[in-house]
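Just so you know, ligand 1 is whichever comes first in the structure, and atom 1 is the first atom listed for that ligand.
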Amino acid sequence: MAVVSFQPLEPTMRGRVPAPQHRARIVRVGLLGLGNVGQAVVRALQASNDVLQARGLSFRVHAALVRNPERPRRCPPVPRITNDSDAFLRGRYDVVIEALGGTDPARMLVARLLGRGVAVVSANKALVAAHGDSLHRIARRRRAPFRYEASALAGVPFIGPFARRPLVGSLTGITGILNGTTNYVLTSVARDGVAVAEALRRAQELGLAEPDSALDMSGRDAADKLVLLLRECAGIAIDAASLEVSGLDSVEAPDLAAARALGGTIKPLVHARIHDAVRAFVGPAFVPAQHPLAAVDGALNGVCLDSRFIPGLFLSGPGAGPDITAATILDDAAEIAGERDLAERETWRTPSAMLPLRPADTPWFVRVASLNLKQVISILCDVGIAATRSIAGQEPCVLTSPADRARIDLAVAKFGAAGAGATSALRAIGDS
Ligand SMILES: NC(=O)c1ccc[n+]([C@@H]2O[C@H](COP(=O)([O-])OP(=O)(O)OC[C@H]3O[C@@H](n4cnc5c(N)ncnc54)[C@H](OP(=O)(O)O)[C@@H]3O)[C@@H](O)[C@H]2O)c1
């Protein structure tokens with residue numbers, strides 16, 4: 001007679017063993033938006049069915065809200081596609097995935113869903129940066145989970161752990177590359193010597209940049225992500241409107257060549273130092289070759305995080321892409337659906353404390369046409385800035401001692417008065 005013995009599963013094995021189909025819990029999903037990300041979510045649900053079933057979950061998409069229901073979609077069929085937000089809101093959902101983009105009508109719809117106690121997952125950094133605090137207040141009041149792991153570094157899930165862990169979450173600094181489009185553009189300029197506009201055109205041809213990439217190129221997209229990371233990972237709110245944000249229009253191909261000669265490169269950075277105030281900037285900046293972010297090329301993203309207790313954390317990976325974003329969104333949704341005591345988990349998120357924003361003091365990368373190196377160093381010296389590294393030539397370039405923007409602007413005005421041609425002045429960071 002055959003004997004079959006059953007052994008209890010080791011805790012670590014539980015997630016790997018497919019649960020019987022009949023035990024999978026149905027999770028009713030609503031989709032706000034069925035564009036690049038929304039369609040990728042529907043495709044990913046089909047592709048990941050076995051993985052989710054193994055967690056005892058069976059996701060069913062019930063409805064999607066769009067602008068134009070007639071538009072053909074590249075995903076398995078969704079039972080109900082509507083452009084009537086009231087009709088969408090009348091549906092019953094366990095979790096709603098917000099993939100509309102922008103702040104309106106996303107804010108109103110997410111607020112209404114959370115207000116009804118419905119869990120919401122979003123990848124919308126603009127929404128979370130602008131309205132995260134008020135949406136979290138509603139979520140806490142109604143004990144409704146609200147997650148958005150995919151809204152920054154979509155392929156590197158780290159926001160949740162930082163928000164829930166007080167020691168690693170005691171951040172003193174964030175420096176990162178949070179926008180893949182601008183990183184791709186600057187990498188192309190550095191590698192091929194093409195102009196920024198030409199590198200952007202290539203990125204658009206390859207589908208790596210939106211046809212309208214104004215939010216990326218102006219630095220606004222990265223600024224939203226910095227505001228979001230400060231809130232989520234450090235519990236700090238800043239006045240986002242006062243943040244120093246510069247776009248890629250301040251960079252020219254010769255800057256990349258000069259940066260290489262000075263032992264580094266130029267990257268689209270977000271940078272914040274946190275003490276009793278936050279000193280921050282967003283924009284293209286000189287990065288020394290030894291810094292981990294100098295090697296983050298193409299459309300990749302990366303972030304260096306320093307906390308009081310754990311300094312020097314470096315995370316890197318794909319920052320966007322519909323399929324990657326969809327996977328992280330679904331992990332958020334699966335985490336919510338699989339958690340027993342949701343309200344308990346949500347209390348880890350603390351309200352953010354407002355800190356003043358002060359001008360950042362950083363070294364600068366300066367390239368000046370039509371003056372010689374001696375003139376450049378002498379003018380810098382006049383305004384109290386020292387040169388720490390320099391290269392002579394037709395367009396001398398210099399790395400400086402730390403200074404705020406007002407002082408470097410004064411030096412640039414003096415270069416102009418002395419007969420300088422085009423001058424680049426970009427912020428710089430140190431080795432680590
Ligand atoms: N794409 C990425 O790789 C990526 C990565 C990370 C995060 N995200 C974020 O994900 C979100 C969605 O991005 P996406 O690339 O999927 O955008 P998208 O392709 O433009 O899709 C937006 C969707 O929302 C619908 N929509 C927009 N405004 C609407 C309105 N007022 N009423 C009803 N429906 C409306 C659109 O309907 P129609 O289809 O009918 O026009 C479309 O289905 C954004 O917040 C973005 O920042 C995107």
Side-chain angles (χ1 to χ4, degrees), residues 30-44 61 63-75 77-78 80-89 91 96-110 112-113 120-132 135 146-159 177-184 203-204 206-216 218 220-229 298-301 317-333:
L31 283 172
L32 289 172
L34 198 53
N36 294 314
V37 171
Q39 292 170 82
V41 166
V42 182
R43 290 194 301 269
V61 178
L65 178 72
V66 298
R67 255 184 311 231
N68 175 8
E70 306 304 323
R71 177 172 294 171
R73 311 282 162 178
R74 295 183 316 278
C75 62
V78 170
R80 197 156 55 90
I81 299 183
T82 177
N83 58 3
D84 178 344
S85 56
D86 289 329
F88 177 87
L89 288 171
V96 167
I97 291 167
E98 186 275 309
L100 293 167
T103 52
D104 290 306
R107 188 200 61 78
M108 177 275 289
L109 293 166
V110 170
R112 283 179 66 180
L113 287 159
V120 176
V121 174
S122 174
N124 186 342
K125 54 264 164 183
L127 175 71
V128 181
H131 301 293
L135 292 173
F146 178 38
R147 304 277 170 85
Y148 32 82
E149 189 65 67
S151 52
L153 272 91
V156 186
F158 73 104
I159 297 175
I177 297 171
L178 301 182
N179 184 280
T181 300
T182 47
N183 196 31
Y184 180 87
Q204 284 166 331
L206 292 170
L208 293 167
E210 297 290 327
D212 177 5
S213 46
L215 282 178
D216 296 324
S218 66
R220 205 57 253 172
D221 174 83
D224 281 342
K225 290 172 180 166
L226 176 62
V227 171
L228 186 149
L229 292 189
L300 278 184
N301 284 195
D323 295 328
I324 288 161
T325 306
T328 299
I329 285 175
L330 287 180
D331 270 350
D332 269 350

Problem set entry | Any N/O pair Val37/ligand 1 closer than 3.5 Å | yes
For this session: Using a cut-off of 6.0 Å, state whether more than 12 heavy atoms not belonging to Arg74 lie near its atom CZ.
Result: no
Exercise. Would a search of protein heavy atoms around atom 10 (O) of ligand 1 find one under 4.0 Å away?
Worked result: yes
Problem set entry | For atom 7 (C) of ligand 1, the protein heavy atom that lies nearest, with its residue and separation | Ala123 O, 3.3 Å
Exercise. Is the shortest distance from a heavy atom of Leu34 to ligand 1 less than 4.0 Å?
Worked result: yes
Seminar exercise, completed: Counting from 1 in the order shown, the ligand 1 atoms closer than 4.0 Å to a non-hydrogen atom of Gly35 are 16 (O), 19 (O), 21 (O), 23 (C), 42 (C), 43 (O)
For this session: Starting from atom 44 (C) of ligand 1, find the nearest protein heavy-atom neighbour and note its residue, name and distance.
Result: Gly101 CA, 3.5 Å
For this session: Just jot down the ligand 1 atoms closer than 4.0 angstrom to any heavy atom of Asn124, in number order.
Result: 45 (O)
Exercise. Of the non-hydrogen atoms in Leu215 and Ser218, which two are nearest, and what is the gap between them?
Worked result: O-OG, 3.3 Å
Exercise. Which of the atoms in ligand 1, numbered in the order shown and given with their element, are less than 4.0 Å from a heavy-atom of Gly321?
Worked result: 3 (O)
Could you pull out all donor-acceptor pairs under 3.5 Å where a side-chain atom in residues 151-158 meets a protein atom, sequence neighbours excluded?
{"residue": "Ser151", "atom": "OG", "partner": "Tyr148", "partner atom": "O", "Å": "2.6"}

Problem set entry | Thr181 side-chain N/O to Leu208 backbone N/O, donor-acceptor pair under 3.5 Å | yes
Seminar exercise, completed: Numbered in order shown, the ligand 1 atoms found under 4.0 Å of a heavy atom of Asn68 are 40 (O)
Exercise. Numbering the atoms of ligand 1 from 1, which are under 4.0 Å from a heavy atom of Ala99?
Worked result: 12 (C), 22 (C), 23 (C), 24 (O)
Exercise. Stepwise, does the side chain to side chain contact (heavy atoms under 4.5 Å, CB included) test hold for Leu100 with Leu109?
Worked result: CA-CA 10 Å; Leu100 293 167; Leu109 293 166; 3.8 Å; yes
Seminar exercise, completed: min-distance protein heavy atom vs atom 26 (N) of ligand 1 -> Leu100 CD2, 3.6 Å
Problem set entry | Reference residue Leu135; test side-chain contact (heavy atoms from CB on, under 4.5 Å); the match among Leu127, Val128, Leu113 | Leu127
Problem set entry | Atoms in ligand 1 flagged as close to Pro105, the criterion being non-hydrogen separation under 4.0 Å | 31 (N)
For this session: Spell out, as yes or no, whether a donor-acceptor pair under 3.5 Å connects the side chain of Arg73 to the backbone of Leu34.
Result: yes
Problem set entry | Test item: protein heavy atom less than 4.0 Å from atom 17 (O) of ligand 1 | no
For this session: Can you sort out the partners of Asn124 under side-chain hydrogen bond (donor to acceptor under 3.5 Å, both in side chains), two or more places apart, ordered by chain and number?
Result: Glu98
For this session: Check Thr325 against ligand 1 and report side chain, backbone, both or neither, counting heavy atoms closer than 4.0 Å.
Result: side chain
Exercise. Relative to atom 30 (C) of ligand 1, which among Arg71, Arg67, Glu210 owns the nearest non-hydrogen atom?
Worked result: Arg67
Exercise. How far apart are the closest heavy atoms of Arg67 and Asn83, and which atoms are they?
Worked result: O-CB, 3.5 Å
Exercise. What atoms of ligand 1 come closer than 4.0 angstrom to any heavy atom of Pro322?
Worked result: 3 (O)
Exercise. Any idea which protein heavy atom is nearest atom 19 (O) of ligand 1, and the distance to it?
Worked result: Asn36 N, 2.9 Å
Exercise. Out of Arg73, Glu98, Lys125, whose heavy atom is nearest to atom 39 (O) of ligand 1?
Worked result: Arg73
Exercise. Do Gln39 and Pro322 touch side chain to side chain, with heavy atoms closer than 4.5 Å?
Worked result: no
For this session: Can you spot which of Asp224, Asn301, Asp221 makes a side chain to side chain donor-acceptor pair (under 3.5 Å) with Asn179?
Result: Asp221
